[in-house]
Amino acid sequence: MDYTSIFGELTQSVQARIDAASRHGKQIFDRAIYPQYLDWDRPTVGLNFEELIGEYNITVAAATVGDNSKEPELNTEGISTIKQKVFNHAISRPLPINEYRTILGLLDSKKLSNRQMRRELVNILWGSVEEVVNSVQSKIDMIFLSGLSNCGVFEFDEHTNPKGGVRGRVDFNQPSNNILTVNTPWTEQNINDVDPFEDLSEMLDKADETIAVSKLLISPAKLSYIMRAPKMRQAVFGNGHSSSPLTLSALNNFMESNDLPVFEKIRRKCRVSDTSGSGIISPWVNGNIVAVPAGKIGVIKNAYCNNELRPEPGVSYSNYGRIRISEWGVGETQGMNGAEYTKAESLSLPVITAIKGIFTLRTETGQ
């Protein structure tokens, strides 16, 4: 029986919309950061994690849940299990019976034309798809940005993965010589004494021995600190105008005129949910400034999802890159109330392959 019949052929519009946006270079989901720096690698049927560790010098320690574990439903964002030796980012969104009845009302409406009805149904369908795809992209961003800004280490813990089954860390093994710490912490108490330009120059001089740095990735709060620091304003404007306000545009113009990399703010918030409700975390480590080379700095290793290898009847599938989207319905045959489900999943792990060319300046103590 086809349990996707409430939307019928409209489920095919999901892949059609994704393909059309791709052809025209349009952004249709949440603006994730990882696509700027990572490419999806070729998918594999089975990913030998031991080879991945050896090839990319990754250290992984994590607890593994049972093979029959189910992905969390929306509002429990997280990595739910380890499958086929890669992390399984999966989340589903149920369309409960009250929304189901709303759709039935649309289908039964005599006031709407077929075109209007189709548009309303597609909007409802697409809203569910957006939510789950954005959730998976958020998790990939979280792992990538946390690892990049935390000296190559991402932690699976109660904050980053509250309802997931994985605990432990992924360590991309950033060389210790690539990690520098300022002598005077960049705190509000020290703002008149610190010299951000001198600290940054020390890191860039060291990086120049290895790579050509393209950008300095930084949190908005730390960038604001730099622009307020008197010695940074003095470096940009000179002694006569050191009290003038410093803007990002003026700061980057100064950097470019001295053949130095420009600053780029990393603005990213990720929502996580535990038993007490939802919370917002910032994956970027606020106190760290990261120097990166131009272009892509890594790949996303990934494997085919189970339903790509063995599609199930009655389920509509589509793909956004290597994120797999599934839509299906359940009912009395399964011993459940009527409901529609939309799921997104990705068996993947972002890998920073250029980690030996990544340099970090730690501006705070206790990191």
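Count residues from 1 along the sequence. Reckoned from all heavy atoms, side chains included, excluding hydrogens, waters and symmetry mates.
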Please give me the minimum heavy-atom distance between [X] and [Y], naming the atom from each residue.
{"X": "Leu347", "Y": "Tyr304", "result": "CD1-O, 3.3 Å"}
{"X": "Thr247", "Y": "Met227", "result": "C-SD, 3.5 Å"}
{"X": "Glu312", "Y": "Tyr317", "result": "N-OH, 3.0 Å"}

Item to check | Check against salt bridge (Lys or Arg N to Asp or Glu O under 4.0 Å), Lys222 and Glu364 | outcome: CA-CA 10 Å; Lys222 195 56 60 178; Glu364 299 174 1; 2.8 Å; yes
Next on the checklist: Under 6.0 Å between ring centres: does that hold for Phe254 and Phe197?
Outcome noted: yes
Item to check | Counterpart residues, side chain to side chain contact (heavy atoms under 4.5 Å, CB included), relative to Ser282 (two or more places apart) | outcome: Lys269
Item to check | Residue pairs involving residues 205-220 (criterion side chain to side chain donor-acceptor pair (under 3.5 Å); sequence neighbours excluded) | outcome: Tyr37-Lys215, Lys215-Glu264, Ser219-Asn286
Next on the checklist: Does either side chain, that of Trp186 or that of Asp199, offer a donor lying less than 3.5 Å from an acceptor on the other one?
Outcome noted: yes
Checklist entry - For residues Ser348 and Ser346, is any side-chain donor paired with an opposing acceptor at under 3.5 Å? => result yes
Checklist entry - After noting the C-alpha distance and the side-chain angles of Ser138 and Asp141, does the key distance pass the side chain to side chain donor-acceptor pair (under 3.5 Å) rule? => result CA-CA 5 Å; Ser138 179; Asp141 257 358; over 6 Å; no
Next on the checklist: How about CD on Gln36, more than 12 heavy atoms from neighbouring residues, nucleotides or ligands closer than 6.0 Å, or not?
Outcome noted: yes
Item to check | Side-chain heavy atoms of Val133 within contact of Ile325, under 4.5 Å | outcome: yes
Checklist entry - Is the closest side-chain heavy-atom distance between Thr363 and Tyr225 below 4.5 Å? => result no
Salt-bridge test for [X] and [Y]: reply yes if a basic N is under 4.0 Å from a carboxylate O, no otherwise.
{"X": "Arg322", "Y": "Glu308", "result": "yes"}
{"X": "Asp195", "Y": "Lys231", "result": "no"}
{"X": "Lys139", "Y": "Glu345", "result": "no"}

Checklist entry - Is it the case that one hydrophobic cluster holds both Ile179 and Phe359, taking links as side-chain heavy atoms less than 4.5 Å apart, direct or via other members? => result no
